[in-house]
Amino acid sequence: MAKADLDSLGIEELASLRDNVIDKLAQKVASRQAELEAELEKLSQYGKPAKKPQAAPPVAKAKKSDDRKGDDHKGDEIKEPIASAA
């Protein structure tokens, strides 16, 4: 493949090149995905049927009341003495 001198290309030419690259990558990804799915289908005959990966369940956030259960440092605060009037 010939190397393009990107510095010499104009904005329209660069944008067109970008669009072409995106299209070509999408084609290659789709082709490879089809190959892998076909191979997975062949391999599934030797074991469990092929499953599509599922999205991970959302992680539950800790409630504020749960966060405070382990916090017993309320009395650990350092109190500065109040200056007495002279």
Side-chain angles (χ1 to χ4, degrees):
M1 181 174 189
K3 287 189 174 184
D5 184 16
L6 300 178
D7 291 332
S8 67
L9 296 177
I11 293 174
E12 293 297 323
E13 292 169 315
L14 287 170
S16 175
L17 179 61
R18 180 198 59 207
D19 293 340
N20 291 339
V21 169
I22 289 171
D23 291 342
K24 191 63 171 176
L25 281 172
Q27 290 173 2
K28 287 190 175 213
V29 167
S31 173
R32 183 66 177 139
Q33 186 175 5
E35 289 172 9
L36 291 172
E37 287 174 354
E39 188 172 346
L40 186 59
E41 187 64 33
K42 287 180 189 176
L43 291 173
S44 69
Q45 69 181 338
Y46 298 109
K48 296 179 181 178
K51 293 183 180 178
K52 292 192 176 189
Q54 296 178 349
V59 178
K61 293 183 180 180
K63 296 179 182 176
K64 288 186 179 182
S65 61
D66 292 343
D67 289 342
R68 294 179 189 233
K69 286 181 183 176
D71 262 345
D72 291 333
H73 302 293
K74 292 178 184 175
D76 294 346
E77 293 179 11
I78 298 174
K79 296 181 181 180
E80 295 184 27
I82 300 173
S84 60

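Everything numeric here is computed off the predicted structure, so don't read it as measured data.
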Interatomic distance, CG@Leu25 vs CG@Asn20, rounded to 0.5 Å, equals 11.0 Å

Closest non-hydrogen atoms of Glu13 and Gly10, given as atom of the first, atom of the second and distance, are OE1-N, 2.8 Å

Look at the side-chain heavy atoms of Ile, Leu, Val, Met, Phe, Trp and Tyr, link any pair under 4.5 Å apart, and say whether [X] and [Y] land in one connected group.
X     : Y     : value
Leu9  : Val21 : yes
Ile11 : Ile22 : no
Leu36 : Val29 : no

*Check: Glu41 main-chain N/O paired with Ser44 side-chain donor or acceptor under 3.5 Å*: yes

Check this for me: Glu12, atom CD, are more than 12 non-hydrogen atoms of other residues, nucleotides or ligands nearer than 6.0 Å? no

Electrostatic pair Lys42-Glu39, nearest N-O below 4.0 angstrom: no

